[in-house]
Amino acid sequence: MKIQWWPWGILTAISLALLLFFVLYPLGVLFGNSVTGQDGGFSLEGFQALLADSQYVEAFGNTLILGLAVTVCTVLVGVPFAYMVARYDFPLKNLVAILPVLTIVIPEIIVGQSWLLILGNNGILTNLLGDAGISLPSFYGWTGMLFSMTLVYYTYIYLGVLAALRGFDGQLEEAGLSLGTPPFLTKLRVLVPVLLPAVLVNALVVFTLVVGNFALAMLLGSRVPLLSVMTYNTFVSEMGGSPTLQSAMSVVSIAIVAIVLFFQKRVVERKVYTMTQGRAPAAVRVRSWNAMLYTGGVGLVIFISLLPLIVVFIAAFTKTSGPVMQWGQWSLASMQRALHGAPEPILNSLKFASLATVLGVAFAVLVSYLTIKKRSASTQVLDYIVVLPLTISGTVLGIALVQTFNTGWLVLAGTSGIMVLCYTVRRLPFAVRNASSVLFNIPESIEEASISLGVSPLMTFFKVVLPAMKASIISAAILMWLTTISELSASIVAYSGGLETMPIAIFRQVDGGRLGMASAYGAALVTVIVLPIIVSVKAFRIKLFSGK
């Protein structure tokens, strides 16, 4: 389709220019710094230093092992969970089916903090079992990371496999059974090949998220060297110095994700099966002990997944004495200090997230309209660049933005602008994908009719298209809000004095052993995340995750 030069050609050019400057240009600076020596010329000394550093090589291996281990664990939890929800009918099934989605909106920093309150060295469960003579293994290190990351990321597997199961034509299984094939063998030959692409796609998403994870790796990693933590530590130690080493580390992180995505595309394309939409198998109703077993099993997984939400609120109102939580003794001291004594992180989070949401949603609506309704070679490039931040860890993106806008004619480092930019660029793909969900269903004839009546294309967009996009715009705004206000990995690299947000405050408080204050900020953070979701569901009847 040939795009009109005015207004859509101009708007496409402006959108491309903004993305090139704020997304591709910082990545280019990052790559350039990684191959620049101390004398300013081309050099691979940064990569050579990494290869010669045994700790870095160990961190590289640990990161891959952690990614593979967590991915396997999420598959082992998510696939059976999805199968039980799709194929069986048991008490509280409707509630069970939707509750895992809530784990996505729980900030990772709160997940890590809450599990430390439960299973840390001074955790409530650790102390209770210790008094009974039972010693638990340390929650720091591999144990804590595998456990917490599995509970955070299994939902991605669950949602993907559940969608594939609901779209599966049950007549294929019936045909296999009618030929005398045993039920288990029928599932192995018919169901597994069809579900495999969904499992692979979402498993590789989980792998990339684990590789780029910062919050849980930093809080629970202890002495386990990991790439994301070493990249951050190198950035902090090299502030004001040569960016070569931190850039080289960041490029390696990007390369890991790029290679994984390449193999994902090659493998999944070979495993895709085309299927005519048919009737999904009816859910089998389970009764008596089986019903209790099914409900109890999936209910236990959900309870453990959502336990951080419960714990953070209890801890926020628990009396503390230094790093010691005095469980069972209640106090408002931590909440009072957070809300009245040191409210800056709360105010900063609200300010930065609000600005990023407004800017991000406005830009996302325009980009989604251009890429879907005004398709051209330029809009295809636009569509590719806008989702690029999804493939880059937050720490790497933050480093790239700080390196780029630390000098020159546009200095944003050290200002509120760098925080809003980190938020907007990091979470823009979420808003674009959600804003575009309804555009496929808006017929072009509606716009053509408006233009034929003398209304300009731009005014038609505002008067016809935007009202039709109302639900998806609200949904995009809420997703943008809840993902930006809980952002840590990019913002902790970019922030400076006076720009501390709630996730950063929680991280610093936990690092300093002040779990009471960390819980108070955590309770405030969860509140400002959950309230918009409740409003969207009740007032606007928005299906928040419909675009996923």
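All of these numbers come straight from a predicted model, not from anything done at the bench.
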Any residue meeting salt bridge (charged side-chain N to carboxylate O under 4.0 Å, His left out) with E487, in chain and number order, not counting sequence neighbours
R426, R427

Passes side-chain contact (heavy atoms from CB on, under 4.5 Å), L24 versus L19? Steps please.
CA-CA 7 Å; L24 283 187; L19 289 175; over 6 Å; no

Side chain to side chain donor-acceptor pair (under 3.5 Å) pairs touching residues 56-69, sequence neighbours excluded, are none

Which heavy atom of S489 sits nearest a heavy atom of G394, and at what distance?
OG-CA, 3.2 Å

Looking at L421, is its backbone amide N or carbonyl O close enough to the side chain of T424 to form a donor-acceptor pair, meaning the two atoms are under 3.5 Å apart?
no

I would like to know whether I304 and L151 meet side-chain contact (heavy atoms from CB on, under 4.5 Å); could you show each step before the answer?
CA-CA 8 Å; I304 296 175; L151 292 177; 3.3 Å; yes

Does T126 use its side chain to pair, donor to acceptor, with the backbone of L119 at less than 3.5 Å?
yes

Is there side-chain contact between V210 and M145, with heavy atoms separated by less than 4.5 Å?
no

Contact check, side chains of F31 and V251, non-hydrogen atoms, under 4.5 Å:
yes

Is there a donor-acceptor pair under 3.5 Å between the side chain of S349 and the backbone N or O of M502?
yes

Considering only heavy atoms from C-beta outward, does the side chain of N213 approach that of L66 to under 4.5 Å?
no

Quick check: closest heavy atoms across A203 and T71, and the distance to 0.1 Å?
O-CG2, 3.4 Å

Do L397 and V23 have side-chain heavy atoms sitting under 4.5 Å apart?
no

So which heavy atom on S491 is nearest to which on Y423, and how close?
CB-CE1, 3.9 Å

By the definition side chain to side chain contact (heavy atoms under 4.5 Å, CB included), identify the one residue from V75, V70, L76, T74 that meets it with V72.
L76

To the nearest 0.5 Å, how far apart are OG1 in T208 and CD1 in I259?
13.5 Å

Interatomic spacing from CG in L16 to CG in L382 - rounded to 0.5 Å
5.0 Å

Would you give the length of the straight line joining atom OG1 of T379 to atom CD1 of I372, rounded to the nearest 0.5 angstrom?
10.0 Å

Residues L428 and G360: closest non-hydrogen pair is CD1-O, 3.4 Å

SG/C73 to CD1/I157 distance, rounded to the nearest 0.5 angstrom?
11.5 Å

So, using side-chain contact (heavy atoms from CB on, under 4.5 Å) as the criterion, who are the partners of A431 when residues are at least two apart?
A364, A476, M480

Could I get the full list of side-chain contact (heavy atoms from CB on, under 4.5 Å) partners for S138, not counting sequence neighbours?
N121, Y140

Indicate yes or no: at least one non-hydrogen side-chain atom of V257 is less than 4.5 angstrom from one of I392.
no

Roughly how far, to the nearest 0.5 Å, is CG of D511 from CD of Q113?
12.5 Å

Could you grab the distance from atom CD1 of I529 to atom CD1 of I106, nearest 0.5 Å is fine?
9.0 Å

By ring pair (Phe, Tyr, Trp, His ring centres under 6.0 Å) - contacts of Y153 (at least two apart)
none

Test of understanding: with side-chain contact (heavy atoms from CB on, under 4.5 Å), list the residues that count as partners of L44, not counting sequence neighbours.
V35, F42, F47, Q48

Are N202 and V161 side-chain neighbours, meaning at least one heavy-atom pair lies under 4.5 Å?
no

Could you check V152 against E108 for side-chain contact (heavy atoms from CB on, under 4.5 Å), going step by step and ending with a plain yes or no?
CA-CA 8 Å; V152 168; E108 293 177 2; 4.2 Å; yes

So, T404 side chain and L401 main chain: donor-acceptor pair closer than 3.5 Å or not?
no

Sequence-distant partners of S54, side-chain contact (heavy atoms from CB on, under 4.5 Å), two or more places apart:
none

Hydrogens and angles aside, do Q246 and T231 bring a side-chain donor and acceptor to less than 3.5 Å of each other?
no

Identify the two heavy atoms, one from S148 and one from L220, that lie closest to each other, and give their separation to 0.1 Å.
OG-CD1, 3.3 Å

Pair L117, I124 - check side-chain contact (heavy atoms from CB on, under 4.5 Å), show working.
CA-CA 6 Å; L117 288 169; I124 181 172; over 6 Å; no

Contacts of Y384 meeting ring pair (Phe, Tyr, Trp, His ring centres under 6.0 Å) (sequence neighbours excluded), chain-then-number -> none

Report yes if the side chains of T484 and F352 come closer than 4.5 Å at any heavy-atom pair, otherwise no.
no

More than 12 heavy atoms from other groups under 6.0 Å of CZ on F60
no

Does either side chain, that of S247 or that of Q403, offer a donor lying less than 3.5 Å from an acceptor on the other one?
yes

Could you report the tightest heavy-atom contact between P389 and V386, atom names first, then the distance?
CD-O, 3.5 Å

Of all pairs that satisfy ring-ring contact (aromatic ring centres under 6.0 Å, His included), the ones with a partner from residues 196-217, not counting sequence neighbours:
F214-Y232, F214-F507

Would you say that S228 contacts V211 through its side chain, given a criterion of any heavy-atom pair below 4.5 Å between the two side chains?
no

S250 meets the side-chain hydrogen bond (donor to acceptor under 3.5 Å, both in side chains) criterion, sequence neighbours left out, with none

Main chain of A353, side chain of T357: is a donor-acceptor contact present, judged purely on distance under 3.5 Å?
yes

Which residues share a ring pair (Phe, Tyr, Trp, His ring centres under 6.0 Å) with W115, sequence neighbours left out
F147

Counting only pairs under 3.5 Å, give me each side-chain donor-acceptor contact of residues 305-312, with atom names and distances, residues two or more places apart or in other chains.
from: S305; atom 1: OG; to: Y154; atom 2: OH; distance (Å): 3.2
from: S305; atom 1: OG; to: V301; atom 2: O; distance (Å): 2.7

